[in-house]
Q: 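Take this structure, written in structure tokens, and hold onto it; I'll ask about it next.
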Protein chains: 2
Amino acid sequence: MTMANERLQEAIDALKSTKVRMTPQRHAILEYLYNSMSHPTADEIYKALEGKFPNMSVATVYNNLRVFKEVGIVKELTYGDASSRFDCVTTDHYHVICSECGKIVDFHYPGLNEVEALAKHVTGFQVNSHRMEVYGTCPECNGSMPH
Amino acid sequence: MTMANERLQEAIDALKSTKVRMTPQRHAILEYLYNSMSHPTADEIYKALEGKFPNMSVATVYNNLRVFKEVGIVKELTYGDASSRFDCVTTDHYHVICSECGKIVDFHYPGLNEVEALAKHVTGFQVNSHRMEVYGTCPECNGSMPH
DNA sequence: TATTACATTGTAATTCTTACAATTAATTTT
DNA sequence: AAAATTAATTGTAAGAATTACAATGTAATA
Ligand SMILES: [Mn+2]
Ligand SMILES: [Mn+2]
Ligand SMILES: [Zn+2]
Ligand SMILES: [Zn+2]
């Protein structure tokens, strides 16, 4: 069994332990998320599945992504004007985003606990999370790829 | 002369050195930004000025905020679903955001150059910036205020 | 003053997302 | 297995934020 399939199965099991029913659409959306290993938008998922589900509504994609978020098997990455992207890797990690082509690549970094602590100290806030992203250009876009 | 007025004057001078003309609407938007010292939305600015400029269009607010961004005297803070906020402090700083009431408070932290360097190293991206925000609840919202 | 360039206004269009009511499907009860 | 209940899907309308556009207005320049 592939890595992706294994994690997909875990997600399905997580859903089973709630009142959330498994449906063909739901399964397909999850399957797409876990196999793509990218960070697709709702519309990308919708378009990718319209061959298999010609009658599926875009509302179904949004509905289910919300359900998945609530259960905790998907995270939403929000951006300003552009549409949200969805990440089926819910363990802590950060993203590097290409300003040219929009590509998103995961990377890990030992927590920024100090930043949270300092913010708490200087502002008096009760701090519970942070968001961090790095921007730049990917190897394909800055012409530094060997060819 | 107050601090805010001093910085407002600098912004006006910065505009003078370009082809950007000073208009009453422009001046009022800048004045509001520099005096409020908050991080208002386009609509908040629009509403705050409609007494003084009953005929001002919301498009004018957006147009001018774009101009100010291009000149470099204003920064846009983008969020997922919610509307953008605008910051007339363009020097490097981070924000703590209250999840309850939306309040945004500035704080400083010695640059996260290491994070950028690591991201570059592990992803091969040409890195040029990052975004970081801390989330929590403000003293007013978490009931820890003396009263 | 005439010309030109830039700015404002009002409104329509666009994009992403959610709301809603009707229909369909899955689960539970009988 | 049939009936009753509950949840999910669908199609479309509505919402909110932002931008596009054409007409009008104002400032700078010749
Ligand atoms: Mn990711
Ligand atoms: Mn700020
Ligand atoms: Zn790229
Ligand atoms: Zn608060």
Side-chain angles (χ1 to χ4, degrees), chain A residues 11-12 14-32 39-71 73-87 102, chain B residues 11-12 14-32 39-71 73-87 102:
Chain A
I12 292 171
L15 286 175
K16 278 223 183 85
S17 68
T18 69
K19 336 185 97 49
V20 176
R21 297 173 182 171
M22 189 47 55
T23 65
Q25 293 91 335
R26 228 160 236 179
H27 192 278
I29 294 168
L30 274 181
E31 196 174 39
Y32 181 80
H39 301 82
T41 63
D43 202 58
E44 280 168 9
I45 298 171
Y46 173 66
K47 291 226 162 62
L49 299 181
E50 72 181 354
K52 217 174 185 175
F53 295 89
N55 297 320
M56 186 167 66
S57 169
V58 70
T60 297
V61 177
Y62 278 102
N63 287 343
N64 284 321
L65 288 170
R66 177 163 30 77
V67 169
F68 298 159
K69 273 198 304 178
E70 285 164 3
V71 174
I73 57 180
V74 161
K75 272 188 179 168
E76 181 175 4
L77 315 175
T78 64
Y79 301 100
D81 43 343
S83 36
S84 286
R85 297 187 163 272
F86 295 87
D87 194 339
Chain B
I12 292 170
L15 285 175
K16 277 220 184 86
S17 69
T18 69
K19 338 184 104 32
V20 177
R21 295 174 183 168
M22 189 47 56
T23 66
Q25 292 91 336
R26 230 161 235 179
H27 191 277
I29 294 169
L30 274 181
E31 196 174 38
Y32 181 81
H39 302 81
T41 63
D43 202 58
E44 281 168 8
I45 298 171
Y46 173 65
K47 292 227 163 62
L49 299 181
E50 71 182 356
K52 216 175 188 175
F53 296 88
N55 297 320
M56 185 167 65
S57 168
V58 70
T60 298
V61 177
Y62 278 103
N63 286 343
N64 284 321
L65 288 169
R66 178 163 30 77
V67 169
F68 298 158
K69 274 198 305 179
E70 285 164 3
V71 174
I73 58 180
V74 161
K75 272 189 179 167
E76 181 176 4
L77 315 175
T78 65
Y79 301 100
D81 42 345
S83 36
S84 286
R85 298 188 161 271
F86 295 87
D87 195 340

Q: Please report the distance, rounded to the nearest Å, between NZ in Lys47(A) and P in dC16(C).
A: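 Value for this atom pair: 9 Å.
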Q: Any side-chain heavy-atom pair from Lys16(A) and Met22(A) closer than 4.5 angstrom?
A: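 Heavy-atom side-chain distance check fails, nothing below 4.5 Å.
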Q: Look at Ser84(A) and dT17(C) and indicate whether a side-chain polar atom (N or O) is within less than 4.0 Å of OP1 or OP2.
A: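 For dT17(C), OP1/OP2 do have a side-chain N/O of Ser84(A) under 4.0 Å.
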Q: Which side-chain N or O atoms in residues 44-53 of chain B pair as donor and acceptor under 3.5 Å with protein atoms at least two apart or in another chain?
A:
{"residue": "Glu44(B)", "atom": "OE1", "partner": "Thr41(B)", "partner atom": "N", "Å": "3.2"}
{"residue": "Lys47(B)", "atom": "NZ", "partner": "Asp43(B)", "partner atom": "OD2", "Å": "2.6"}

Q: Grab the CG-P distance between Asp43(B) and dT18(D) for me, whole Å please.
A: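 Atom CG in Asp43(B) sits about 9 Å away from atom P in dT18(D).
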Q: Just how far, in rounded Å, is P of dA7(C) from CG of Leu30(B)?
A: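 The answer, rounded to whole Å, is 13 Å.
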Q: CD of Glu44(B) versus P of dA17(D): gap in Å, rounded?
A: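 Result: 11 Å.
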Q: Determine whether a donor-acceptor pair (N or O, by modelled atom type, separation under 3.5 Å) exists between the side chain of Arg85(B) and the backbone of His39(B).
A: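 Side chain of Arg85(B) to backbone of His39(B), a donor-acceptor pair under 3.5 Å: yes, one is there.
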Q: Name the atoms and distances for all side-chain donor-acceptor pairs under 3.5 Å in residues 55-68 of chain A, with sequence neighbours left out.
A:
{"residue": "Ser57(A)", "atom": "OG", "partner": "Ala59(A)", "partner atom": "N", "Å": "3.0"}
{"residue": "Asn63(A)", "atom": "OD1", "partner": "Arg66(A)", "partner atom": "NH2", "Å": "3.1"}
{"residue": "Asn63(A)", "atom": "ND2", "partner": "Ala59(A)", "partner atom": "O", "Å": "3.3"}
{"residue": "Asn64(A)", "atom": "OD1", "partner": "Arg26(A)", "partner atom": "NE", "Å": "2.7"}
{"residue": "Asn64(A)", "atom": "OD1", "partner": "Arg26(A)", "partner atom": "NH2", "Å": "3.0"}
{"residue": "Asn64(A)", "atom": "ND2", "partner": "Thr60(A)", "partner atom": "O", "Å": "3.1"}

Q: Write down the distance between CZ (Arg66(B)) and P (dC21(D)), rounded to a whole number of angstrom.
A: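 About 12 Å, once rounded to whole Å.
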Q: Please encode protein proximity along nucleotides 4-16 of chain D as a string of B, S and -, counting only heavy-atom distances under 4.0 Å.
A: --BBSSBB-----
Q: Give a yes/no on whether any side-chain N or O of Tyr62(B) is located under 4.0 angstrom from OP1 or OP2 of dT19(D).
A: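 False: Tyr62(B) side-chain N/O out of range (4.0 Å or more) of dT19(D) OP1/OP2.
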Q: Between P on dT8(C) and NE2 on His27(B), what's the gap in Å once rounded to a whole number?
A: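 Rounded to the whole Å, the gap is 13 Å.
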Q: List the residues meeting side-chain contact (heavy atoms from CB on, under 4.5 Å) with Ser84(A), not counting sequence neighbours, and say none if there are none.
A: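 Ser84(A) satisfies side-chain contact (heavy atoms from CB on, under 4.5 Å) with Glu76(A), Thr78(A), Phe86(A) once adjacent residues are dropped.
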Q: Using atom CD of Glu76(A) as one end and atom P of dC16(C) as the other, report the distance to the nearest whole Å.
A: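 It is 14 Å, rounded to the nearest whole Å.
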Q: Can you confirm whether Ile12(B) sits close enough to Leu30(B) that some side-chain heavy atom of one is under 4.5 Å from a side-chain heavy atom of the other?
A: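 Answer yes - side chains close enough.
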Q: Let me know the distance between CD1 of Ile29(B) and C1' of dA7(C), rounded to the nearest Å.
A: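 Rounded to the whole Å, the gap is 11 Å.
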